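Structure first, then comments.
Order of the sequence lines sets the chain letters (A, B, ...), proteins ahead of strands, with each chain counted from 1. Worth saying up front: this structure is predicted, and the values here are computed from it rather than measured.
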Amino acid sequence: MNILDDLNSQQRQAVTADLGQVLVLAGPGSGKTRVLTLRVAYLILTLGVRPANILAVTFTNKAAREMENRLTRLLGEKIQGVWLGTFHATCARILRRESNLLPFNSSFVIFDADDQENLVKRTLKDLNIDDKLYRPASMLSAISQAKNNLVLPSAYPTRSYRDEIVSRVYKRYQELLQICNAVDFDDLLLWAVRLLEENPPVKEKYSHRFEHVLVDEFQDTNMAQYRLLQHLCEFHGNLFVVGDEDQSIYRWRGADYKNVLRFEDDYPDSQKILLEQNYRSTQNVLDAARAVIDRNQYRTPKQLFSERGAGDKIVLYEAVDDHAEAAYVADAIQQLISAGKARGGDMAVMYRTNAQSRLLEEAFLRAGMAYRLVGAQRFYGRREVKDMIAYLRLVQNPADEVSLGRVINVPPRGIGDKTLVALQLAARQAGASAGEVLIDLAAKGPDSPFAKAFGGRGATVLADFGGLLAGWGEVEASLTLPALFDRIVSDTVYREYIEDESEEGQDRWGNVEELRLLAYEYQERGLSAFLENLALVSDQDTIPERSDSPTLLTLHAAKGLEFAQVFIIGLDEGLLPHSRSGDDPEEMAEERRLFYVGLTRAKNNLYLVRAERRSTFGSFEGSESSRFIDDIPEGLIRHLGENYRERRASSSSWELPARWESARLAPSAPPPDSSKKIERRYRPAMHVRHPVWGDGIVLNSAIRDGEEEVDVHFESVGFKRLLASLAKLELI
DNA sequence: GCGTTACATATTTTT
DNA sequence: TATGTAACGC
């Protein structure tokens with residue numbers, strides 16, 4: 001069997017493992033995708049399993065596509081029928097098939113993060129809850145967490161007053177989703193699990209069908225996904241999962257690497273196979289990575305080894321400040337390129353937070369160097385793109401009030417807040433969807449029973465909009481998708497609305513055209529397939545694959561990628577590990593894994609970079625070296641930078657061009673004149689009144705940077721820190 | 001409905 | 001620092 005020829009013994013053991021439950025723990029660069037793909041090929045070619053009886057799930061479209069390509073190369077036509085896709089896409093597929101058993105119909109739309117936020121805001125308004133005290137983002141994360149753990153609104157625990165609020169918001173949020181004939185990302189999983197649990201025949205159908213279930217990145221599964229897998233493989237019991245606890249970096253999205261341990265508990269007869277040979281990195285890189293990750297608990301220790309030799313030492317560069325840090329990176333990369341030691345596309349700069357990319361970009365720009373920034377502004381997040389998608393969604397699903405709210409007055413057609421609220425009210429009372437009311441208004445005009453609910457002008461403009469909607473609905477079946485798209489653009493005069501003389505306007509229209517191009521590809525499959533893909537495809541998929549420029553990206557975005565030269569910047573306490581991880585050991589362990597993921601992206605060289613001082617929100621502060629650096633054995637490191645000037649002077653290496661010093665910003669302005677003393681106007685225990693927050697008591701007051709900062713406890717909102725010069729505080 | 005201003009806020013973001 | 005947003009006034 002030639003597909004097994006190039007495998008090492010561990011890989012071969014995994015690919016040809018006996019049926020039943022198999023857990024493959026695959027270190028970075030150990031060929032896990034290869035093993036997964038070959039396992040599918042092995043099932044089909046050697047064991048004669050029919051493709052339609054195989055389900056393979058991944059987390060990203062990219063991973064799914066990658067697998068599909070490799071399988072096609074191996075199997076050709078024989079891959080036809082394999083269910084291969086992301087968790088979410090797989091669930092959506094099942095839900096559409098079984099929608100008669102669910103509280104929404106098969107034209108349901110999938111709400112993305114943006115839509116969710118809109119809906120939660122509306123929920124809060126509905127329930128008269130202060131969105132300052134109960135932030136939509138925090139409500140959503142609580143709801144998401146509940147869904148990931150399969151907790152329904154009725155079962156939401158109410159241990160505190162806050163829980164009580166969340167519970168009410170969760171409940172109402174779900175009702176609104178249902179009114180909109182929509183589901184959110186988490187619902188796709190949750191509903192799929194409920195569908196299987198509450199309808200035994202359905203579960204039987206799918207679990208009979210899927211003789212083999214295979215899973216990629218298993219360490220990133222949450223409770224809902226884990227349960228789903230259990231149900232789907234219940235009948236045949238063939239569950240093949242591949243993952244690496246050490247690369248679990250999505251805890252905050254509900255992922256629980258402990259599912260790896262759970263798997264072994266739940267399936268005591270399962271086989272466990274470790275892939276420990278690394279084909280990517282030099283031994284020095286692996287040794288450093290291992291030193292870092294070995295400090296984590298609850299994991300299977302692995303002995304990663306490489307046959308690529310020790311390689312170069314890891315460079316640790318300590319810059320004087322964050323500007324110098326960025327300048328060093330840009331310079332070092334330029335030197336590498338001009339010395340012919342690397343190509344731009346071989347290099348990446350990784351950081352903990354997106355904000356860190358700004359200084360890098362500036363440094364690259366100043367040096368006249370091209371770069372590729374991952375995850376900056378998202379194509380699908382652009383306003384004009386979202387607008388067009390909202391129109392299309394309304395055609396498919398007129399009940400979608402979030403999309404309706406988005407575009408009913410875009411371009412402006414005189415439908416304000418009041419009219420919109422009246423419309424929703426009328427719809428609720430009639431037990432109809434907002435879209436139906438609009439269409440009825442358009443058809444019957446003043447004779448419509450709804451006309452009375454609005455002022456004369458309101459009824460007219462709403463009817464006009466309803467007319468548009470109804471018109472699109474009629475032609476949807478007969479027009480191709482791009483034709484429908486054009487019709488909407490022309491009916492709404494959308495181009496004239498966004499395209500002005502400015503470059504920005506041109507860009508905007510360009511984005512709309514790009515979306516139309518995408519619609520063109522969906523001529524055959526139609527509107528609903530198009531919308532589903534838009535919802536389930538991530539922005540990562542829109543990144544151009546090929547480029548010969550260095551890549552700038554977050555550590556999260558780097559997972560699964562590899563580069564010859566890797567720079568990791570910001571190795572300071574507070575940034576990596578991030579201060580938000582606080583003293584929670586689980587969070588700290590995740591920060592460590594994140595660093596580990598970054599380290600193991602490197603094939604040849606690693607550059608760890610930090611700054612003695614960096615500016616955070618305006619103020620300039622000294623920073624401590626990251627604790628993770630201390631974990632790397634001294635013998636693997638070569639020191640450069642601020643603290644090591646002597647060594648630098650004695651070495652004639654290219655890592656430190658003299659130029660970088662001049663690349664730093666001009667000396668900063670002299671410190672604010674401290675001679676002009678500022679008097680403290682507020683003292684503890686003073687009673688004050690704020691125009692917004694009302695009455696409060698001064699807790700403390702201090703002069704900082706020539707400004708008086710006052711800490712006040714308000715009766716309405718609690719603790720606030722204010723600038724005396726800005727806040728209009730009144731003594732009472 | 002639009003532009004201005006004041007102010008709060010500031011991780012990561014596979015789907 | 002710089003950015004987004006929410007309330008305010010026209």
Side-chain angles (χ1 to χ4, degrees), chain A residues 57-64 85-92 110-114 116-117 121 131-132 135-137 140-141 144 148 183-189 216-217 219-222 224-225 247-255 322 350-356 358-359 374-375 378 380-381 409-419 532-541 553-560 570 574-582 587 590-591 593-595 597-598 614-620 668 690-693 717 720-723 725-728:
Chain A
V57 272
T58 63
F59 274 86
T60 67
N61 291 290
K62 203 170 140 205
T86 63
F87 269 101
H88 292 83
T90 304
C91 289
I110 300 166
F111 276 1
D112 65 16
D114 228 53
Q116 291 183 54
E117 193 168 322
K121 280 186 185 155
D131 64 356
K132 289 277 184 314
R135 309 218 155 261
L140 267 178
S141 99
S144 175
N148 288 160
V183 299
D184 65 19
F185 284 135
D186 301 318
D187 276 343
L188 288 170
L189 304 169
D216 191 18
E217 304 279 15
Q219 79 282 352
D220 285 335
T221 51
N222 61 33
Q225 286 157 335
Q247 294 185 66
S248 171
I249 54 175
Y250 287 101
R251 197 177 106 91
W252 46 275
R253 299 282 278 107
D322 44 5
M350 302 172 188
Y351 35 82
R352 176 68 239 260
T353 69
N354 273 313
Q356 291 171 266
R358 219 196 70 237
L359 287 177
V374 173
R378 6 185 60 212
Y380 297 112
N409 203 31
V410 175
R413 32 178 94 85
I415 303 175
D417 251 11
K418 251 173 59 189
T419 316
E532 178 147 327
N533 254 273
L534 288 178
L536 295 180
V537 151
S538 78
D539 292 290
Q540 302 265 327
D541 294 305
L553 75 181
T554 62
L555 288 162
H556 282 90
K559 194 168 92 161
L575 255 185
L576 186 64
H578 198 275
S579 52
R580 289 285 260 255
S581 47
E587 300 251 304
E590 177 136 322
E591 294 289 309
R593 293 193 292 267
L594 192 52
F595 183 44
V597 165
R614 52 178 73 244
S615 45
T616 32
F617 316 141
S619 66
F620 210 48
S668 51
H690 184 274
V692 177
W693 298 318
V717 292
K720 289 280 168 188
R721 172 165 291 175
L722 313 159
L723 282 184
S725 58
L726 292 178
K728 299 188 182 84

What's the shortest heavy-atom distance between A:Cys91 and A:Leu189, and which atoms?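 Answer, listing the atom of A:Cys91 first, then A:Leu189: SG-CD2, 3.7 Å.
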For A:His578 and A:Glu591, work out which heavy atoms get closest and say how close.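 In this case the closest contact between A:His578 and A:Glu591 is N-OE1, 2.8 Å.
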Taking the P atom of each, how far is B:dT12 from C:dT5, in whole Å?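 That atom pair is separated by 15 Å.
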Output yes when a side-chain donor or acceptor of [X] lies under 3.5 Å from a complementary backbone atom of [Y], and no otherwise.
X	Y	value
A:Tyr351	A:Leu553	yes
A:Asp220	A:Ala255	no
A:Arg593	A:Ser248	yes
A:Glu117	A:Asp114	no
A:Asp184	A:Asp112	no

Does A:Arg135 place a side-chain N or O at less than 4.0 Å from the phosphate oxygens OP1/OP2 of B:dA8?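 Looking at the OP1 and OP2 atoms of B:dA8, neither is under 4.0 Å from any side-chain N or O of A:Arg135.
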Checking all strands, does [X] fall into the base, sugar-phosphate, or nothing category for heavy-atom contacts under 4.0 angstrom?
X	answer
A:Gly560	nothing
A:Leu359	nothing
A:Asp220	base

Value in whole Å for how far the [atom2] atom of [N] lies from [atom1] of [X]:
X	N	atom1	atom2	answer
A:Leu536	B:dT13	CG	C1'	15 Å
A:Asp112	B:dT14	CG	C1'	15 Å
A:Leu188	B:dT14	CG	P	16 Å
A:Asp322	C:dT1	CG	P	13 Å
A:Leu555	B:dT14	CG	C1'	15 Å
A:Asn409	B:dC2	CG	C1'	12 Å

Give the nucleotide from the list B:dC2, C:dA2, B:dT14 with an atom nearest to the side chain of A:Thr60.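 My answer, after comparing the listed nucleotides, is B:dT14.
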Going by the rule side-chain hydrogen bond (donor to acceptor under 3.5 Å, both in side chains), which residues pair with A:Arg251 if we only count those two or more places apart in sequence or in a different chain?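 So A:Arg251 forms a side-chain hydrogen bond (donor to acceptor under 3.5 Å, both in side chains) with A:Asp584, A:Glu587.
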N/O to N/O distances under 3.5 Å, protein versus nucleotides 6-9 of chain C:
none

Could you list the protein-to-nucleotides 10-12 of chain B atom pairs, N/O on both sides, closer than 3.5 Å?
unit_1: B:dT12; atom_1: OP1; unit_2: A:Asn354; atom_2: N; d: 2.9
unit_1: B:dT12; atom_1: O4'; unit_2: A:Arg352; atom_2: NH2; d: 3.2
unit_1: B:dT12; atom_1: O2; unit_2: A:Trp252; atom_2: NE1; d: 3.2
unit_1: B:dT12; atom_1: O2; unit_2: A:Arg352; atom_2: NH2; d: 2.4

What is the ring orientation for A:His556 with A:Tyr250, classed by angle as parallel under 30°, tilted 30 to 60°, or perpendicular over 60°?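 Ring orientation, 0 to 90° scale: tilted.
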